[in-house]
Amino acid sequence: MDAADMGPDLAQVLITEEQIAQRLDEMAARIDADYEGRDLLLVGVLKGAVYVMADLSRRLHRSAPMDWMAVSSYGSGTKSSGVVRILKDLDTDLTGRHVLIVEDIIDSGLTLSWLVGNLSSRGAASVEIAALLRKPEAAKVEVDVKYVGFDIPTEFVVGYGLDYAEEYRNLSFIGTLRPEVYGG
């Protein structure tokens, strides 16, 4: 799916497919260097991180086992409730493993902060974060993110795993929707 397929729903392309690819190359090179000789496990957060996890892991020059979690902190709307629920837990024992959480986007940081604490308590040797996108102005808690693709403004974005009502995840770029589409 590309920009033309979105018709009038697209407000603008914020980050192109080429920019994403270049930044993931850079992130993978740093991860390779930082985790040399370590037992690395990639943990993706469903559903949004699927594209980032797939593309980032293929750029690594090492074996990169992966596992997936699904967590939710959203109540009935689009605001975080602050209560996190595990919808799908890991299948892998984290004891002694170096865990790299792979995220599509960091907004408030509330869920991610909880997730870091949860995974650390399971005996991981270390827990770090790699995120394609971060919205610094939206942060409600301080979360140490080791690898950041792009800092973006607090706009509603879709594509490359990010959705609006399960639509637009499969865009090859990050874009913004016209406010009329989502009632913003």
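Computed over heavy atoms, backbone and side chain alike; hydrogens, waters and symmetry mates excluded.
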**OP:** Check whether Leu110 and Ile86 end up in the same hydrophobic cluster, where Ile, Leu, Val, Met, Phe, Trp and Tyr are linked by side-chain heavy atoms less than 4.5 Å apart.
**Re:** yes
Original post:
Below 4.5 Å, heavy atoms only, C-beta onward: do Leu87 and Leu46 meet side chain to side chain?
Top reply: no
Original post:
Does the Glu167 side chain pair with the main chain of Tyr164, one donor and one acceptor, at a distance under 3.5 Å?
Top reply: no
Original post:
Side chains of Trp68 and Asp91: does their closest heavy-atom pair fall under 4.5 Å?
Top reply: no
Subject >> Minimum heavy-atom distance between Asp67 and Met53, given as atom pair plus value >> reply: O-CE, 3.8 Å
**OP:** Could you tell me whether the side chain of Val148 reaches within less than 4.5 Å of the side chain of Leu133, counting heavy atoms only?
**Re:** no
Subject >> Glu142 atom CD, over 12 foreign heavy atoms within 6.0 Å >> reply: no
Subject >> Single-linkage hydrophobic cluster, 4.5 Å side-chain cutoff, Phe150 and Val157 together >> reply: yes
Original post:
Taking all atoms of both residues into account, what is the closest heavy-atom pair of Ala125 and Gly96, and its distance?
Top reply: CB-O, 3.6 Å
Subject >> Atom pair CD (Glu17) and CD1 (Ile174), whose distance is rounded to the nearest 0.5 Å >> reply: 11.0 Å
Subject >> Other residues, nucleotides, ligands: >12 heavy atoms within 6.0 Å of Arg85 CZ >> reply: no
**OP:** Verify the cluster assignment for Ile152 and Leu24: are they in a single hydrophobic cluster under the rule of side-chain heavy atoms below 4.5 Å apart?
**Re:** yes
Original post:
Hey, are Asn170 and Tyr51 close enough side-chain-wise for a donor-acceptor pair under 3.5 Å?
Top reply: no
Original post:
Atom CZ in Arg59, atom CG in Leu56: separation rounded to 0.5 Å?
Top reply: 8.0 Å
Original post:
Is there a side-chain contact between Arg178 and Pro8 (heavy atoms, below 4.5 Å)?
Top reply: yes
Original post:
At what distance, to the nearest 0.5 angstrom, does CD1 of Ile20 lie from CD of Gln22?
Top reply: 11.5 Å
Subject >> Polar side-chain atom of Thr92 near backbone of Leu94 as donor-acceptor pair, under 3.5 Å >> reply: no
**OP:** Apply side-chain contact (heavy atoms from CB on, under 4.5 Å) to the pair Asp2 and Leu171, showing each step before the final yes or no.
**Re:** CA-CA 6 Å; Asp2 60 28; Leu171 293 169; over 6 Å; no
Original post:
Does the gap between the ring centers of Tyr160 and Phe173 come in under 6.0 Å?
Top reply: no
Subject >> Worked verdict on Glu155 versus Lys135 for side-chain contact (heavy atoms from CB on, under 4.5 Å) >> reply: CA-CA 9 Å; Glu155 294 184 57; Lys135 295 180 179 178; 5.8 Å; no
**OP:** Show your working on side-chain contact (heavy atoms from CB on, under 4.5 Å) between Tyr182 and Leu177 and close with a plain yes or no.
**Re:** CA-CA 8 Å; Tyr182 62 92; Leu177 294 175; 3.9 Å; yes
**OP:** Starting at CG of Leu60, measure out to CE of Met27 and round the result to the nearest 0.5 Å.
**Re:** 10.0 Å
Original post:
If you take all heavy atoms of Tyr35 and Val99, which pair is closest and at what distance?
Top reply: OH-O, 4.4 Å
Original post:
side-chain contact (heavy atoms from CB on, under 4.5 Å) between Glu128 and Ile101: does it pass, once the steps are laid out?
Top reply: CA-CA 6 Å; Glu128 300 288 353; Ile101 300 169; over 6 Å; no
**OP:** Supply the atom-to-atom distance Asp9 CG to Glu180 CD, rounded to the nearest 0.5 angstrom.
**Re:** 9.5 Å
Subject >> Ile129 vs Val116 side-chain heavy atoms within contact, under 4.5 Å >> reply: yes
Subject >> Flag side-chain contact, heavy atom, 4.5 Å: Lys88 against Met69 >> reply: no
Subject >> Neighbour count >12 (heavy atoms, 6.0 Å) for atom NZ, Lys47 >> reply: no
Original post:
When rounded to the nearest 0.5 angstrom, what is the spacing between CZ in Arg97 and CG in Asp39?
Top reply: 4.0 Å
Original post:
When clusters are formed by joining ILVMFWY residues with side-chain heavy atoms under 4.5 Å apart, either directly or through shared neighbours, do Leu90 and Trp114 land in the same one?
Top reply: yes
Original post:
Where do Ala130 and Leu100 come nearest, in terms of heavy atoms and distance?
Top reply: N-CD1, 3.8 Å
Subject >> 4.5 Å side-chain heavy-atom contact, Leu115 and Val45 >> reply: yes
Original post:
Does the side chain of Glu103 come within less than 4.5 Å of Arg134's, by heavy atoms?
Top reply: no
Subject >> Flag, side chain of Ser57 to backbone of Ala54, donor-acceptor distance under 3.5 Å >> reply: yes
**OP:** State yes or no: do Leu119 and Val143 share one hydrophobic cluster built from I, L, V, M, F, W and Y residues joined by side-chain heavy-atom distances below 4.5 Å, directly or via other members?
**Re:** yes
**OP:** Begin with the C-alpha distance, continue with both residues' side-chain angles, and end with the deciding distance and a verdict on salt bridge (Lys or Arg N to Asp or Glu O under 4.0 Å) for Arg30 and Asp25.
**Re:** CA-CA 9 Å; Arg30 282 193 52 216; Asp25 285 341; over 6 Å; no
**OP:** Provide the closest heavy-atom pair for Pro65 versus Leu40 in the form atom of the first, atom of the second, distance.
**Re:** CD-O, 3.5 Å
Subject >> Considering all heavy atoms, the nearest Leu10-Ala3 contact >> reply: CD2-CB, 3.7 Å
